[in-house]
Amino acid sequence: DAGVIQSPRHEVTEMGQEVTLRCKPISGHDYLFWYRQTMMRGLELLIYFNNNVPIDDSGMPEDRFSAKMPNASFSTLKIQPSEPRDSAVYFCASSRKLAGGPYEQYFGPGTRLTVT
Amino acid sequence: KNQVEQSPQSLIILEGKNCTLQCNYTVSPFSNLRWYKQDTGRGPVSLTIMTFSENTKSNGRYTATLDADTKQSSLHITASQLSDSASYICVVTSPGRDDKIIFGKGTRLHILP
């Protein structure tokens with residue numbers, strides 16, 4: 001398996017522009033997570049999906065952020081309009097919940113977003 | 001408030017030496033605790049996962065301990081190698097209708113030759 005795939009790996013955009021980050025989870029995983037990582041705040045969970053349905057979006061910073069999962073093999077995180085403070089590395093992760101036990105999360109390589 | 005605190009923030013040791021990283025949490029209820037290793041420019045990779053009933057788990061030269069009574073965990077690295085230079089992140093999951101996942105800010109470990 002290729003693991004969790006994210007694109008693009010790097011994105012540089014100007015303030016006010018729309019940014020779309022993409023994620024393909026590992027086949028068979030029914031959970032998908034979006035995280036943001038900065039030096040100041042560390043890793044933050046933004047939103048996660050179970051079977052394509054958003055479960056907890058309490059980490060989404062504001063209405064400028066939206067996430068979708070139209071099918072089991074694809075998810076997007078959109079920022080519109082982008083601001084310089086959105087600059088961070090955005091990770092996607094997927095997992096399969098094991099019956100009666102914790103699930104193993106697999107992270108993608110991340111998208112480094114720079115908003116100028 | 002559910003929190004995960006890690007110490008130290010940064011650690012520098014010589015290759016071959018052992019070290020121990022600490023994680024204290026105030027998360028309740030508790031489901032499991034994980035340690036991740038994150039190399040620079042890469043996504044985190046899971047090292048160990050421990051549930052309430054487990055108090056130690058090993059993965060090669062990495063040994064994690066968990067004291068659920070005092071809400072403390074440690075990650076011990078034996079005979080460190082240059083490739084151990086990375087950030088180590090402690091993550092606690094709190095169960096509920098929707099699981100809550102709380103991340104520590106990590107310990108940055110530098111191994112010097």
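Keep in mind it's a predicted model, so treat the numbers as computed, not measured. Numbered from 1 within each chain, the chains take letters A, B, ... in sequence-line order.
- Cluster annotation: B/Phe52 is connected to B/Val27 through the hydrophobic network of ILVMFWY side chains, with a link wherever side-chain heavy atoms come within less than 4.5 Å.
- A distance of 8.5 Å separates NZ in B/Lys105 from CE in A/Met40, rounded to the nearest 0.5 Å.
- At a 4.5 Å heavy-atom cutoff, A/Glu44 makes no contact with chain B through either its backbone or its side chain.
- Scanning residues 107-116 of chain A against chain B with a 4.5 Å non-hydrogen threshold yields A/Phe107, A/Gly108, A/Pro109, sorted by number.
- For the pair A/Leu43 and B/Tyr36, the minimum side-chain heavy-atom distance is 4.5 Å or more.
- Crowding of A/Glu14 atom CD: a count of heavy atoms from other residues, nucleotides or ligands under 6.0 Å not exceeding 12.
- Within a 6.0 Å radius of CG in A/Asn71, other residues, nucleotides and ligands contribute more than 12 heavy atoms.
- In this structure, CZ on B/Phe103 lies 9.0 Å from CD on A/Gln37, to the nearest 0.5 angstrom.
- A continuous path of Ile, Leu, Val, Met, Phe, Trp and Tyr side chains, each step under 4.5 Å between heavy atoms, connects B/Leu47 with B/Leu82, placing both in one hydrophobic cluster.
- Interface summary for chain B: among A/Asn50, A/Asp56, A/Val89, the most heavy-atom pairs under 4.5 angstrom belong to A/Asp56.
- Looking at every heavy atom in both residues, B/Lys100 comes nearest to A/Ser58 through NZ-OG, 3.8 Å.
- Transitive grouping of hydrophobic side chains (ILVMFWY, heavy atoms separated by less than 4.5 Å) keeps A/Tyr35 and A/Phe65 in distinct clusters.
- The number of heavy-atom neighbours closer than 6.0 Å to CZ of B/Arg61, taken from other residues, nucleotides and ligands shown, is above 12.
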Are B/Ser46 and A/Glu104 close enough, and set up right, to give a side chain to side chain donor-acceptor pair (under 3.5 Å), and what steps lead you there? CA-CA 8 Å; B/Ser46 181; A/Glu104 182 64 82; 3.0 Å; yes
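- No more than 12 heavy atoms of other residues, nucleotides or ligands sit less than 6.0 Å from atom NZ of A/Lys68.
- A heavy-atom distance below 4.5 Å is found between the side chains of A/Phe91 and B/Gln38.
- For A/Tyr106, no part lies under 4.5 angstrom from a heavy atom of chain B.
- No part of B/Ile102 comes within reach of chain A, as not one of its non-hydrogen atoms sits under 4.5 angstrom from that chain.
- For the atom pair A/Phe33 CZ and B/Ile101 CD1, the distance stands at 4.5 Å (nearest 0.5 Å).
- In the hydrophobic cluster analysis, where Ile, Leu, Val, Met, Phe, Trp and Tyr join through side-chain heavy atoms closer than 4.5 angstrom, A/Trp34 is grouped apart from A/Ile5.
- A/Val12 and A/Leu77 are assigned to two separate hydrophobic clusters, defined by single-linkage of ILVMFWY side chains at heavy-atom distances under 4.5 Å.
- Between A/Gln105 and B/Arg34, the shortest heavy-atom distance links the atoms N-NH1, 4.0 Å.
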